[in-house]
2 protein chains.
Amino acid sequence: MASGTAEMRRKALIGAALREISDRGSLDVTVAQIAERAGVSAALAHHYFGGKDGLIHATMRHLLVEFREVVADGLRRAATPRERIDAVLRGSFGPEQFHRATVSAWLTFYALAQSSQPAARLLRIYHRRLHSNLVQALRQLVPAADAERIAENLGAFIDGVYLRGALRGQVVSRTAISAVEDYLDLELAGRK
Amino acid sequence: MASGTAEMRRKALIGAALREISDRGSLDVTVAQIAERAGVSAALAHHYFGGKDGLIHATMRHLLVEFREVVADGLRRAATPRERIDAVLRGSFGPEQFHRATVSAWLTFYALAQSSQPAARLLRIYHRRLHSNLVQALRQLVPAADAERIAENLGAFIDGVYLRGALRGQVVSRTAISAVEDYLDLELAGRK
DNA sequence: CAAAATTGATTGACTGATCAATCAATATGA
DNA sequence: TCATATTGATTGATCAGTCAATCAATTTTG
């Protein structure tokens with residue numbers, strides 16, 4: 001077998017890219033810097049990812065995959081609709097999502113999505129998945145139209161909390177998830 | 001008098017920077033591109049702003065000033081606490097704020113604030129002002145602790161809606177402001 | 001008032017630095 | 001030995017920033 005070398009290198013480079021982006025707080029990172037962190041030459045990064053764009057894209061993809069897995073994990077454990085929503089929230093606001101490197105990269109990718117079509121596509125996938133997870137659960141609690149609306153609001157709320165956490169350069173506190181849950185309770189209160 | 005040439009040039013360059021950032025969707029704009037748009041040489045941009053950073057910073061500042069003026073205008077017209085909150089919301093979600101150029105620049109600045117201390121400082125000013133406007137009004141409607149909490153949530157909500165609008169590359173619809181207002185109504189419902 | 005001097009605005013040409021990307025050469029392992 | 005992994009060196013492009021020179025307007029002076 002072609003050995004796991006290739007996969008190891010890829011992972012190392014993606015991890016290094018993540019840390020480098022986080023440290024510098026922007027996408028103005030050079031392939032050379034990332035490669036040095038990963039302990040390889042810059043040329044190797046090109047070899048494995050075809051170029052800087054490929055490496056950045058793969059890094060973004062990695063973030064998305066991680067997020068999806070955390071949420072999927074939570075959903076598998078959830079029995080009731082409300083538990084499913086909570087699973088999504090816990091996934092969105094889990095400690096992994098608020099590691100400095102992750103949150104910093106995420107925000108940077110938001111900016112990138114404005115100019116990079118592939119980046120925009122990846123973020124659209126994230127949004128759609130988040131939305132559909134929420135809607136699916138909400139539909140069992142409120143009328144369909146409300147489910148759409150509430151899911152949209154929850155998504156915006158989550159993104160906003162993310163943004164503020166990133167700007168303050170600090171991990172978002174536990175009160176953040178409470179805030180979103182309180183909003184949800186507010187929306188659900190008084191119904192059947 | 002030295003005529004308003006200097007001020008005119010500054011304004012032209014800031015406007016050009018805004019449009020250029022918006023068109024390219026990122027801060028990867030060259031001084032030469034901006035200057036060409038403004039109809040002057042790149043060297044002149046350096047002359048007036050001391051460098052690229054200065055020009056970008058001035059552009060960001062311009063956005064903030066515009067926003068402050070719109071909100072201040074609305075606040076002047078507001079009589080009741082609720083009207084004051086609505087004024088802030090209308091300012092935050094006014095059509096001017098959602099012109100493609102503005103929203104694009106705003107989002108890009110969010111990313112910039114991670115690596116530029118002056119940029120971060122400007123955004124902190126925006127946040128503080130927004131927060132204090134909201135808290136001031138809310139205090140007259142709910143207990144102080146709740147006022148803080150609700151203002152925080154409203155701020156995150158607003159930022160999140162902004163973010164999503166920017167990512168979709170479209171002007172945020174009127175339903176956006178309704179969504180935030182509905183949340184506010186929800187929080188206020190059932191009180192005195 | 002007119003010539004001369006001064007100041008500020010503006011530019012084109014240049015430079016030094018930075019990087020992504022390439023490639024030929026070398027090492028490693030099956 | 002062949003294929004894959006890996007690198008150092010190099011290239012070509014891109015930019016921000018600098019500078020000396022021009023131009024226009026204003027002020028000073030005789």
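Just so it is clear, the model here is predicted, and its values are computed rather than measured. By convention in this document, chain letters (A, B, ...) are assigned in the order of the sequence lines, proteins followed by strands, and residues within each chain are numbered from 1.
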Protein heavy-atom contacts under 4.0 Å, written 5' to 3' over nucleotides 6-14 of chain D as B (base), S (sugar-phosphate only) or - (none), form the string BBB------
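In this structure, A:His57 places its NE2 atom 19 Å from C1' of C:dA20, rounding to the nearest Å. One can place CD of B:Gln33 at 14 Å from P of D:dG17, the figure rounded to the nearest angstrom. Whole-Å rounding puts the A:Ile56 CD1 to C:dC19 P distance at 13 Å. Here C:dG12 presents its P atom at 11 Å from CD of B:Glu36, a figure rounded to the nearest Å. One interatomic measurement links the two molecules: NE2 of B:His46 to C1' of D:dA20, which rounds to 17 Å at whole-angstrom precision.
A salt bridge between A:Glu187 and A:Arg149 is present, with a side-chain N of the basic residue lying under 4.0 Å from a carboxylate O of the acidic one. In summary, A:Arg82 and A:Asp185 engage in a salt bridge, as defined by a charged side-chain N under 4.0 Å from a carboxylate O. Ionic pairing of B:Glu7 and B:Arg10 is present here: one or more N-O contacts between side-chain nitrogen and carboxylate oxygen are shorter than 4.0 angstrom. The pair A:Asp28-A:Arg24 does not count as a salt bridge, with every side-chain nitrogen at least 4.0 angstrom from each carboxylate oxygen.
In terms of the salt bridge (Lys or Arg N to Asp or Glu O under 4.0 Å) criterion, A:Arg128 has no residue partners (sequence neighbours excluded). With sequence neighbours left out, the salt bridge (Lys or Arg N to Asp or Glu O under 4.0 Å) criterion links B:Arg19 to no other residue. With sequence neighbours left out, B:Asn153 forms a side chain to side chain donor-acceptor pair (under 3.5 Å) with B:Tyr183. With sequence neighbours left out, the side chain to side chain donor-acceptor pair (under 3.5 Å) criterion links B:Asp23 to B:Arg37.
For the contact set between residues 15-27 of chain A and DNA chain C, defined by any heavy atom under 4.0 Å, there are no members.
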